[in-house]
Amino acid sequence: MDIQKIQQYKSAFDQIAKSVKDDDGNGVEVWYARELQPQLGYARWENFVVAIGRAIESCKTLGINVDDHFREVTKMVPLGSGSERPIQDFMLTRYACYLIAQNGDPKKEKVAFAQSYFAVQTRKAELIEERLNEIARLDTRERLRASEKQLSKNIYQRGVDDRGFGRIHSKGDQALFGGLSTEQMKKRLGIKSGALADHLPTLTIAAKNLATEMTNYNVEQKDLHGEMGITAEHVQNNRSVRGMLGQRGI
């Protein structure tokens, strides 16, 4: 495909893109299926609807909310008599267009171009989302690190040394992870080096942080001393957090 043809196709896809507001008032780039149909080389709407259906099934298989990307709408089109009649249409996100293109025949120039056109920006959005998620995870990890540092300081002042802190920390993990120790969790997750929390998902790190903050609070409020009493407190807090997550189906 030469550069002139690429620019021609790109211009055609750019021209039919629309900007609409989502439910939160944010601007979203969309394409209407009736306008996209000829750009993908489909002569009949009935055939294009089949491709849309396959894309919707792909979306479901991937566990993605279909309504976020495929929204069925009704359009009014003029008739020769001056009246109008309603026709089916779909408002599609870039990701929906990408899935539809993926269900097309890549031997067709328009389909091959569309696969690349919609994939490039979709992947950029995915990379941005991944980066933002990683930033959130690292931020949560830093909060846990600060909470554990505070716990270490609190219990040191109450007669527990570094080894005791390690035992308290391990028993807390065992309560949170349903009987699995820190080392057993690392083995299960294939972690060969580094702290367990460095490799956990954001929600699990947040759960560990909540249990640790609860322990910090109660150690001070109840003025707990000694390894045994602080261990019991930390284990109970981790069990409580685990129970709460279980009740929410997590």
Side-chain angles (χ1 to χ4, degrees), residues 58-65 68 95 119 122-250:
S58 297
C59 201
K60 290 178 180 177
T61 301
L62 293 168
I64 297 170
N65 187 359
D68 289 343
Y95 185 67
T122 297
R123 183 55 184 154
K124 283 183 180 178
E126 288 174 353
L127 290 172
I128 291 170
E129 182 180 11
E130 288 171 9
R131 179 58 180 159
L132 291 174
N133 288 339
E134 181 61 15
I135 290 171
R137 194 186 74 82
L138 292 174
D139 182 61
T140 305
R141 177 68 180 100
E142 283 303 311
R143 290 199 294 271
L144 173 60
R145 188 175 283 110
S147 297
E148 289 180 335
K149 184 177 180 180
Q150 183 62 40
L151 179 60
S152 176
K153 178 181 176 181
N154 282 342
I155 67 178
Y156 181 77
Q157 294 170 348
R158 289 167 167 79
V160 181
D161 60 15
D162 288 342
R163 289 186 177 181
F165 173 74
R167 288 189 290 269
I168 291 170
H169 182 273
S170 180
K171 289 179 180 178
D173 276 359
Q174 199 164 358
L176 181 64
F177 298 125
L180 295 175
S181 68
T182 306
E183 289 306 313
Q184 286 173 324
M185 281 297 296
K186 290 173 74 171
K187 185 176 181 180
R188 169 176 282 197
L189 297 174
I191 300 169
K192 300 187 183 300
S193 62
L196 172 63
D198 291 339
H199 303 271
L200 294 173
T202 305
L203 181 60
T204 311
I205 299 172
K208 281 175 63 66
N209 185 54
L210 176 58
T212 305
E213 289 283 10
M214 291 165 66
T215 302
N216 274 325
Y217 180 84
N218 282 337
V219 163
E220 294 178 4
Q221 291 297 309
K222 298 176 182 178
D223 196 22
L224 300 176
H225 286 74
E227 184 176 334
M228 186 178 295
I230 296 173
T231 296
E233 174 67 31
H234 194 49
V235 166
Q236 183 55 53
N237 291 332
N238 276 277
R239 282 178 181 160
S240 296
V241 171
R242 178 181 174 83
M244 177 188 67
L245 293 174
Q247 288 175 5
R248 300 305 303 155
I250 299 172

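Atom set for the values below is all heavy atoms of this structure, side chains included, hydrogens, waters and symmetry mates excluded.
Taking a 6.0 Å sphere around NZ of Lys186, one finds it holds more than 12 heavy atoms contributed by other residues, nucleotides or ligands. Around the CE atom of Met228, the shell of radius 6.0 Å holds no more than 12 heavy atoms that belong to other residues, nucleotides or ligands.
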- Task: Applying side chain to side chain contact (heavy atoms under 4.5 Å, CB included), run through Thr204 and Phe177 and close with a yes or a no.
- Result: CA-CA 10 Å; Thr204 311; Phe177 298 125; 3.7 Å; yes

- Message: Determine whether Gln150 and Asn154 satisfy the following criterion, side-chain hydrogen bond (donor to acceptor under 3.5 Å, both in side chains), listing intermediate values before the conclusion.
- Response: CA-CA 6 Å; Gln150 183 62 40; Asn154 282 342; 3.1 Å; yes

- Check the pair Glu134 / Arg137 against salt bridge (charged side-chain N to carboxylate O under 4.0 Å, His left out), numbers first and verdict last. CA-CA 5 Å; Glu134 181 61 15; Arg137 194 186 74 82; 3.3 Å; yes

- Task: Begin from the C-alpha positions of Tyr217 and Glu233 and carry the test side chain to side chain contact (heavy atoms under 4.5 Å, CB included) through to its verdict.
- Result: CA-CA 10 Å; Tyr217 180 84; Glu233 174 67 31; over 6 Å; no

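Inspection of the Ser240 and Gln236 side chains reveals an N or O donor paired with an N or O acceptor under 3.5 Å.
The two residues Asn209 and Ser147 come nearest to each other via the heavy atoms OD1-OG, 2.6 Å. Nearest heavy atom pair, residue Ile205 against residue Ala197, reads CD1-O, 3.5 Å. Residues Gln174 and Ser181 share a closest heavy-atom pair of CG-N, 4.2 Å. Of all the heavy atoms in Phe165 and Val160, the pair that sits closest is N-CG1, 3.7 Å.
With sequence neighbours excluded, the residues satisfying side chain to side chain donor-acceptor pair (under 3.5 Å) with Arg143 are Asp139, Thr140.
At least one side-chain heavy atom of Arg141 sits under 4.5 Å from a side-chain heavy atom of Leu144.
Tested against Ile230, the residues Asn218, Val235, Leu224 include a single side-chain contact (heavy atoms from CB on, under 4.5 Å) partner, Leu224.
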